[in-house]
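Below: the structure, in structure tokens.
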There are 2 protein chains.
Amino acid sequence: MKIVDVAAKAGVSPTTVSRVLNGSSLVKSRTRNKVMQAIEELGYYPNAAAKNLRSQRTWKIGVIVMDINVSYYAEIIKGIENTAYAKGYKVLICDAQNNREKERDFLGLLMDRTIDGLILVTPQMSDPEIADLADKGYDIGIIGRYIDHERVACAYTDNIEFSERAVSHLIENGHTHIAFLSGFAEAVDSYERLEGYIRALKKHNIPFRPELIENGNFDETLGYEAVMRLFAKKVPFTAVYAANDEMALGVYKACKELGIRIPSQLALVGVDNNRIGKYIVPTLSTVEQPKYAMGARLTENLIGWMTQKQFPERRDLKIASELIIRESSGGTGSDG
Amino acid sequence: MKIVDVAAKAGVSPTTVSRVLNGSSLVKSRTRNKVMQAIEELGYYPNAAAKNLRSQRTWKIGVIVMDINVSYYAEIIKGIENTAYAKGYKVLICDAQNNREKERDFLGLLMDRTIDGLILVTPQMSDPEIADLADKGYDIGIIGRYIDHERVACAYTDNIEFSERAVSHLIENGHTHIAFLSGFAEAVDSYERLEGYIRALKKHNIPFRPELIENGNFDETLGYEAVMRLFAKKVPFTAVYAANDEMALGVYKACKELGIRIPSQLALVGVDNNRIGKYIVPTLSTVEQPKYAMGARLTENLIGWMTQKQFPERRDLKIASELIIRESSGGTGSDG
DNA sequence: ATGAAAGCGCTAACAG
DNA sequence: CTGTTAGCGCTTTCAT
């Protein structure tokens, strides 16, 4: 069933059918009706490949996420999706499942022009790799970090700033021996959050103790193991700043096993505002990133670039985050 | 940069380049090397639209999920993804965001041949609608329910059976007044779980009390409101079977507000094995569906159909589920 | 083992 | 307002 069949049935040319399909205003309404009816009767549906090939557009954008399981991404996707949808784009989500190879594989969708633009929500891919794609003329945006390339749209929060804020909060509650649970080394998030941690210590004249740093790879189980290593070292600490909530959950597990009370014996702050943090006892203090807004504004920007070759806002959007103080660091947990 | 450019540079015909690209064995290795080098130097990447148009295949399958936020879907997607990937297919995920219109919109990807096959993980779409697509020759699979159509692959668990098991568990713990929190009416899950509930009562000669049924639309907040309505009725009940964990979370909230203790004053069982159930206090009894297996086996089946026009296994896969007894219904919660 | 030619289904440019 | 023509970039006969 193709466009010529419809044209034949309706007694018009393929062009006219195409015009009707694409909502051109210069078709007589009687003609339009004939065509519509033929489409209806034949059950015709236009072929995307032919369309894309001819028009060199797909009206689709792709989103590569590192792991669809991580709730952090879901809200971002909604922001992307709704904005894109309003502008006539479909959003295709690709789950890289923490797998670098798969992640790179999905890049093919952009290069083979299955999609018009791509949004990366993955901390793993290297800056040069991304810059290289942009140099080749592909339209790219990235959420969660800054890329220094004039054609790459970014939306991110200030890791250093909110980490400093989170750790300062612990310090102001009287803690001086604060451990830091880091994520994997390749992620900017890891070292920027570490830097924020260090700055907070500096600001309050607290010495930096490298033995209080452990890596938990942003993972619950590895976070558990990391904090167990800390306890094993016998260096005293009364608080933990975990670079994400997953690792903070690992801290809960460790404390439960060791009979350590949160927050009276150990205060805890995470990052991401994972939903579980509101349900666990005691509730988890954390940093909320405006995920929906990041997705939405970045998408606005990217689509602006794709269509006008200019960004409606500045291409790098630094977005404010919020420290949520719940019970695990001595708050009341009254936010739900 | 197209295939003729590569051909020119390598001093061969476009056909030969195409053959190299597609791994044809009948190309002399010296020729292959020339071509590969030209591809490399030119940074050529094949255009998907042209390819798809010519070959009438995309090597992609789509997955429409009702809401990507719901963790229930994430594992299913992993099962789909890994199986598809192993067979050379890319998986594109579409988030319908609980929106019927968007959901239907994504169907367009199948009809316009952007994807070769589609997996539905959405309880909302009606049976006839799905059957209709299959009748038109599209390749479709569905997870979570049974569709009576010889060309539709399905994978699902037995709602009636596991609900009967869950409610029997409550009855065996001494409960006779058990409330049921239902999901939205369009979903088979809702009434099948209700039927299992009724069967369990029948089997144990406990009268069915319609006033103990309330609808919470599979949603936490609405589940909370539903159980509040139950309390307001002043009909006594000592246990709740919630048709999913989200609504069960609403029950926790209601109990917290009203000072009702779980499980001593109210026993609770949900469905889905949401991750939160392991962290909340008391831990939540629930029904685990083998999500990964459902996704994987269905995909295996669908791809088999797409390529051989036959199902490797029977087209309707009924998959066993498991009742997980944790603290909320009197268990020890020792599973984590 | 390689190439020439045809065509997948659509839309854009141009003509009328 | 409508039609004719050409071509998007690739793969697939068929021929050599």
Side-chain angles (χ1 to χ4, degrees), chain A residues 1-39 42-60 88 108-116 137-138, chain B residues 1-39 42-60 88 108-116 137-138:
Chain A
M1 213 34 56
K2 40 196 178 188
I3 214 168
V4 290
D5 301 318
V6 177
K9 174 130 195 159
V12 297
S13 76
T15 312
T16 301
V17 178
S18 173
R19 280 201 262 261
V20 171
L21 252 14
N22 294 291
S24 161
S25 56
L26 22 85
V27 181
K28 229 198 306 184
S29 77
R30 232 175 61 77
T31 316
R32 183 193 314 281
N33 291 339
K34 273 194 307 188
V35 172
M36 301 268 259
Q37 193 179 336
I39 289 172
L42 263 34
Y44 167 80
Y45 205 92
N47 178 299
K51 240 177 133 128
N52 297 345
L53 177 58
R54 179 64 236 220
S55 62
Q56 307 286 36
R57 307 195 80 185
T58 64
W59 291 100
K60 291 179 187 73
L109 294 175
L110 183 63
M111 303 201 283
D112 74 11
R113 314 259 83 177
T114 291
I115 52 180
D116 294 337
Y138 297 107
Chain B
M1 212 36 54
K2 38 196 181 189
I3 215 168
V4 291
D5 301 318
V6 177
K9 174 128 196 159
V12 297
S13 74
T15 313
T16 301
V17 178
S18 171
R19 280 200 263 260
V20 171
L21 252 12
N22 294 291
S24 160
S25 55
L26 21 88
V27 181
K28 229 198 307 183
S29 76
R30 232 176 63 78
T31 316
R32 183 193 314 281
N33 291 338
K34 274 194 306 188
V35 172
M36 303 268 259
Q37 194 179 336
I39 289 173
L42 264 35
Y44 166 79
Y45 207 94
N47 178 297
K51 237 174 135 132
N52 297 345
L53 176 57
R54 181 61 234 222
S55 63
Q56 308 283 38
R57 307 195 82 188
T58 64
W59 292 101
K60 291 180 187 72
L109 295 175
L110 184 62
M111 303 201 283
D112 74 12
R113 313 259 98 194
T114 291
I115 52 178
D116 294 337
Y138 296 107

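Protein chains get the first letters and strands the later ones, always in sequence-line order, with residue 1 at the start of each.
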For this session: Rounded to the nearest 0.5 Å, what's the gap from OG1 on T114(B) to CG on N52(A)? Could you check?
Result: 6.5 Å
What are the atom names and distances for every N/O pair under 3.5 Å that joins the protein to nucleotides 10-12 of chain D?
residue	atom	partner	partner atom	Å
dC10(D)	OP1	Y44(B)	OH	2.4
dC10(D)	OP1	N47(B)	N	3.1
dC10(D)	OP2	I3(B)	N	2.5
dT11(D)	OP1	N22(B)	ND2	3.3
dT11(D)	OP2	S18(B)	OG	2.8
dT11(D)	O2	R54(B)	NH1	2.9
dT12(D)	O4'	R54(B)	NH2	3.3
dT12(D)	O4	T15(B)	OG1	3.2

Exercise. Is any side-chain N or O of T16(A) closer than 4.0 Å to OP1 or OP2 of dG3(D)?
Worked result: yes
Exercise. Would you say the side-chain atoms of S24(B) and N22(B) include a donor-acceptor pair closer than 3.5 Å?
Worked result: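 Distance-only check fails for S24(B) and N22(B).
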Exercise. Do we see a donor-acceptor contact under 3.5 Å between the side chains of T58(A) and D116(A)?
Worked result: yes
Validation row: [X], [Y] side chains within 4.5 angstrom (heavy atoms):
| X | Y | result |
| --- | --- | --- |
| M111(B) | Y138(B) | yes |
| L21(B) | V35(B) | no |
| L53(B) | R113(B) | no |
| L109(A) | K60(A) | no |
| Y44(A) | I3(A) | yes |

Problem set entry | Within residues 10-34 of chain A or reaching into it, pairs that qualify as salt bridge (charged side-chain N to carboxylate O under 4.0 Å, His left out) - sequence neighbours excluded | none
Exercise. When you look at CE of M36(B), are more than 12 heavy atoms from neighbouring residues, nucleotides or ligands closer to it than 6.0 Å?
Worked result: no
Show which side-chain atoms of residues 5-14 of chain B pair as donor or acceptor with protein atoms under 3.5 Å away, not counting sequence neighbours.
residue	atom	partner	partner atom	Å
D5(B)	OD2	K2(B)	N	2.7
K9(B)	NZ	E41(B)	OE1	3.2
S13(B)	OG	T15(B)	N	3.4
S13(B)	OG	T16(B)	N	3.3
S13(B)	OG	T16(B)	OG1	3.3

For this session: Identify the 5'-most and 3'-most nucleotides of DNA chain C with at least one atom closer than 4.0 Å to a non-hydrogen atom of chain B.
Result: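 Listing 5' to 3', DNA chain C meets chain B from dA1(C) to dG9(C).
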Exercise. Using a heavy-atom distance cut-off of less than 4.0 Å, which residues of residues 26-34 of chain B contact DNA chain D?
Worked result: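 None - not one residue of the stretch has a heavy atom sitting under 4.0 Å from the strand.
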Exercise. Does T31(A) use its side chain to pair, donor to acceptor, with the backbone of V27(A) at less than 3.5 Å?
Worked result: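 Here the side-chain-to-backbone pair does not exist.
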Exercise. Angle, rounded to 10°, between the helical axes spanning five pairs at each terminus of the helix from dA1(C)-dT16(D) to dG16(C)-dC1(D)?
Worked result: 30°
